[in-house]
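These notes are about the structure you will find just below.
Please read all numbers here as calculations on a predicted model, not as lab measurements.
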Amino acid sequence: MTISVASGKGGTGKTTVAASLASVIPQSVYIDCDVEEPNGHLMLQPKFTLEESVNKLLPEIDYNKCDFCGKCIEVCEFNALINLKFEILLFAEMCHSCGACEYFCPQNAITEIPKELGKLRSGITENGIKFYDGLLNIGEATAVPLIRKVKAKIDNEKINIIDSPPGTSCSMVETVKNSDFCLLVTESTPFGLNDLKLAIDVVKNINVPFGVVINKYDETFEEMENYLTENQIEVMLRIPFDRKIAEAYSNGILPVNNSDKIRREFIGLIATIKKKIKSNVTQMTQKKQIFAD
Amino acid sequence: MKQIVILSGKGGTGKTTVSSAFAKLLQDKITIDCDVDAANLYLLLKPQSRNQFEYFGGKKASINPELCTQCGLCESVCRFDALHNYVIDPLSCEGCGFCYRVCPDDAIEFTETKSGNYFECNLIDDSKFYYAKLLPGEGNSGKLVSEIKKSALTNVGENIKWVIVDGPPGIGCPVNASLSGADFVVIVTEPTQSGIHDLKRLIELLKTFSIKCGIVINKYDLNEKQTLQITAYAGKENIPVLGYLPFDKDYIEAIKANKTIVEYSSKAAKDIENIWSKVEFFMDISKN
Amino acid sequence: MKIAVTSTGGSLDALVSEKFGRCQYFLIVDSDTMKFEAVSNLGEQMQNNAGPKAAELIINKGAEVLLSGHVGDKAENTLRKAGIKIVNGFTGNEKVKDALNNYLKTKEN
Ligand code: SF4
Ligand code: SF4
Ligand code: SF4
Ligand code: SF4
């Protein structure tokens with residue numbers, strides 16, 4: 001079972017919610033796909049046991065074979081190659097590792113060599129949460145290949161909590177797609193609402209069932225309540241704004257480890273999500289049966 | 001004309017609050033919201049009018065089933081897991097064109113697709129304001145950032161003194177794009193573990209651009225120990241701390257009232273003015 | 001000697017373009033005969049790597065010198081690799097032919 005935790009906007013407490021969820025589930029797996037700014041490790045404090053390089057492939061040219069015909073330049077959709085007629089220049093940060101140049105080179109002059117894109121780290125926390133995260137090297141243009149590698153750590157026998165990159169870009173879609181459920185974390189401000197709407201569009205688009213968690217909840221912000229009621233969107237948890245929570249967070253302490261009430265609420269939250277996923281699965285199989293008939 | 005980019009590394013630290021305050025405070029300026037995944041600045045600046053432009057972020061492939069002979073070659077070359085059973089998933093298609101080039105039956109079309117909109121607006125003080133919206137799930141926000149900056153900065157009037165850029169979060173390609181032409185970067189951070197962690201990564205990135213920067217510590221009183229740590233780190237890196245903003249409900253209330261903080265609280269307005277004068281000061285030093 | 005000039009139009013009377021990667025035209029001028037070829041810069045519309053792509057274009061046209069307003073870092077490195085001399089600092093209110101003459105004069109001295 002895979003539950004991803006996302007938010008339209010950064011700083012809503014997405015990582016706090018994800019880490020809290022993982023903390024209340026025995027034997028959970030925590031997967032941090034926010035590879036530009038992975039922060040889950042600061043909250044869960046795992047002991048890292050392994051760090052692997054994740055590579056991307058870059059073309060390398062054998063000048064004994066290359067006749068500067070320019071075919072590779074022509075097929076490179078990302079303008080990563082430049083023909084100087086005595087050298088083919090590669091702008092590595094532009095290269096998406098699509099492999100087209102290697103395939104189309106008439107002289108077989110191109111080989112693809114791996115270059116590190118980022119790191120994949122594995123570890124375990126004190127209370128037995130399996131922990132994985134990705135760390136994108138600074139200056140790299142695309143996070144998607146690294147996210148794929150990190151997501152490959154999903155363990156279908158366990159409950160996996162995925163911390164998604166913020167926003168609604170391709171990295172977020174790559175992370176959230178194929179999840180059984182997505183929790184969208186927002187906050188009671190016009191910014192939060194604006195970005196929540198965008199995020200809802202995306203998860204609907206990729207057919208992932210979702211629910212909303214309102215962090216720094218403030219009942220006086222009616223616009224959000226109205227929007228949620230009008231669109232029949234379920235709020236699964238409201239975490240009130242509390243300076244103590246914020247202070248504890250600034251020291252890297254999770255609210256579930258600071259307040260019994262919040263801990264109970266998160267246990268309730270995970271139970272509700274599980275129920276929802278089950279009923280979704282039954283609905284789907286029912287639908288399939290109808291189609292089969 | 002000087003260009004100031006406001007960045008944060010991590011989202012939610014108050015970047016837009018600071019950008020909107022600068023935009024309100026200054027005259028003879030252009031304001032650009034480069035946070036194209038989650039544009040928020042317009043909520044506070046409330047543009048009076050806007051022109052919409054379409055943004056084409058790149059090409060995508062699609063298969064014409066009538067021409068496809070199901071040879072499977074395209075699927076075997078696509079490295080982005082976008083091709084299954086002779087159908088291309090536009091959300092996964094990276095736009096590399098490999099399939100289009102290998103297809104023996106010319107069954108694949110490879111065309112520019114719309115991936116967002118951008119807007120040119122007038123603010124109440126008659127200055128120009130630009131923001132953009134990417135369609136959900138589209139990548140390539142870096143390109144859109146470049147495009148919106150390009151259109152904002154062509155034909156700029158002689159009288160324009162400042163360009164205020166609300167940058168994207170993170171340290172990825174959109175941030176790089178937002179930095180082109182920057183004279184100074186204001187980093188808004190907060191005294192939390194993740195705030196500091198992301199601040200360091202952002203500063204690493206800025207070093208590679210050799211652009212001068214300064215730090216604003218937001219909610220500094222939330223954790224004075226961590227605030228001190230940031231100050232010490234800044235000192236070590238030789239980066240000026242431009243100011244400290246308190247943890248104050250006014251900031252949230254202002255946003256809820258759709259107002260910039262300088263309109264909402266005179267005390268905060270003072271703080272922001274002080275920060276701005278530091279920005280001018282350190283930018284000048286950097287010239288010599 | 002072939003000299004490339006970034007230009008806003010396709011003639012020697014056009015104004016110099018201060019931008020390199022995103023200029024409209026390159027005029028490739030033979031300084032001995034003053035004959036020229038105007039090449040439109042595809043990179044103007046290009047989203048990725050416009051500067052180096054423009055550099056590639058004038059390298060392949062056989063230019064030895066480039067006159068422009070400002071050349072970006074990546075394009076500059078590309079041009080230097082190919083041994084092209086870069087003369088920056090021309091402004092958008094100069095005509096291409098004046099820029100050329102100015103350059104040729106300073107060279108003589
Ligand atoms: S396609 Fe091959 S031979 Fe042609 S320029 Fe590229 S590397 Fe050289
Ligand atoms: S692998 Fe693809 S993106 Fe990279 S240089 Fe070759 S053609 Fe261009
Ligand atoms: S254009 Fe590239 S990414 Fe898109 S489907 Fe074709 S091969 Fe795959
Ligand atoms: S390569 Fe062309 S013909 Fe072959 S399966 Fe793909 S689209 Fe169809």
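- Of all the listed residues (A/Thr12, A/Val35, A/Leu135), the one sharing the greatest number of non-hydrogen pairs under 4.5 Å with chain B is A/Leu135.
- With a 4.5 Å cut-off on non-hydrogen atoms, B/Leu43 touches chain A through its side chain but not through its backbone.
- Taking chain B as the reference chain and counting heavy-atom pairs below 4.5 Å, the highest number among A/Asn39, A/Thr168, A/Val173, A/Thr15 is found for A/Asn39.
- For a residue to count as touching a neighbouring chain, one of its non-hydrogen atoms must lie under 4.5 Å from one of that chain's; by this rule B/Val175 does not touch chain A.
- Evaluation of the salt bridge (Lys or Arg N to Asp or Glu O under 4.0 Å) test over residues 90-99 of chain A, restricted to residues two or more places apart or in two chains, returns A/Glu93-C/Lys74.
- Contacts of B/Leu202 with chain A are absent, with no heavy-atom separation under 4.5 Å from either backbone or side chain.
- More than 12 heavy atoms of other residues, nucleotides or ligands lie within 6.0 Å of CD in A/Glu247, so this atom counts as buried by the packing criterion.
- Heavy-atom pairs under 4.5 Å with chain B were tallied for A/Thr189, A/Ile206, A/Asp218; the largest tally goes to A/Asp218.
- For B/Tyr100, no part lies under 4.5 angstrom from a heavy atom of chain A.
- With a threshold of 4.5 angstrom between heavy atoms, B/Glu94 approaches chain A through its backbone and through its side chain.
- With sequence neighbours left out, the ring-ring contact (aromatic ring centres under 6.0 Å, His included) criterion links B/Tyr118 to B/Phe53.
- Residue B/Thr208 does not touch chain A at all, counting heavy-atom pairs closer than 4.5 Å.
- Ranked by heavy-atom pairs under 4.5 Å with chain B, the first of A/Asn205, A/Val144, A/Ile138 is A/Ile138.
- Residues forming a side-chain contact (heavy atoms from CB on, under 4.5 Å) with A/Glu116 (at least two apart in sequence, or on another chain): A/Ser53, A/Asn55, A/Lys119, A/Asn137.
- Interface residues of residues 190-199 of chain A toward chain B, defined by a heavy-atom distance below 4.5 Å and sorted by number: A/Pro190, A/Phe191, A/Asn194, A/Asp195, A/Leu198.
- In this structure, chain A has a heavy atom under 4.5 Å from the side chain of B/Lys249, while its backbone stays farther away.
- Of the possible polar contacts, one joining the B/Arg101 side chain to the A/Val75 backbone as a donor-acceptor pair under 3.5 Å is found.
- Of the atoms belonging to A/Asp34, not a single heavy atom falls under 4.5 Å from chain B.
- Of the possible donor and acceptor atoms, one in the side chain of B/Arg201 sits under 3.5 Å from a partner among the backbone N and O of A/Glu36.
- Both the backbone and the side chain of B/Leu205 come within less than 4.5 Å of a heavy atom of chain A.
- Only the side chain of B/Ile252 comes within less than 4.5 Å of a heavy atom in chain A; its backbone stays farther off.
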